[in-house]
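What follows is a single structure, written as structure tokens, with notes after it.
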Amino acid sequence: AIVPRLLPGDAQRIVLQPMAEITTTNASEPLTIWAALRTPDGERITLPPLHGVRVRLPGGSYEVWAQGPPGWMWQRLVA
């Protein structure tokens with residue numbers, strides 16, 4: 001889960017959501033994903049690069065840059 005503006009001290013309630021899986025067409029080629037989450041209030045949170053044959057993202061609205069065997073791709077995703 002991604003929790004924007006999490007502060008130490010007070011307890012936070014986190015509602016876990018299913019993860020979305022991103023993969024290539026044949027699901028066997030490695031890829032690297034750079035994702036930026038847009039929170040409901042408009043804040044942008046950039047995640048560290050994710051690598052693998054299958055990459056998972058928490059639910060949310062993203063701008064995603066992906067690099068795989070066919071090259072580079074940019075896409076908006078709602079996971």
In Å and rounded to the nearest 0.5 Å, what is the [atom1] to [atom2] distance from [X] to [Y]?
X: E21; Y: R56; atom1: CD; atom2: CZ; result: 4.5 Å
X: L31; Y: Q67; atom1: CG; atom2: CD; result: 9.5 Å
X: T32; Y: W72; atom1: OG1; atom2: CH2; result: 7.5 Å
X: L37; Y: L77; atom1: CG; atom2: CG; result: 11.5 Å
X: I22; Y: L57; atom1: CD1; atom2: CG; result: 4.0 Å

What is the minimum heavy-atom distance between P30 and P69, and which atoms define it?
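Looks like O-CD, 3.5 Å.
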Whether S28 side chain and V53 backbone form a donor-acceptor pair below 3.5 Å
no
Should W34 and V55 be regarded as members of a common hydrophobic cluster, given that ILVMFWY residues are connected when their side-chain heavy atoms come within less than 4.5 Å of each other, either directly or indirectly?
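Each belongs to a different hydrophobic cluster.
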R76 versus R38: any side-chain heavy-atom pair under 4.5 Å?
no
L47 versus I33: any side-chain heavy-atom pair under 4.5 Å?
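No - every pair of side-chain heavy atoms lies 4.5 Å or more apart.
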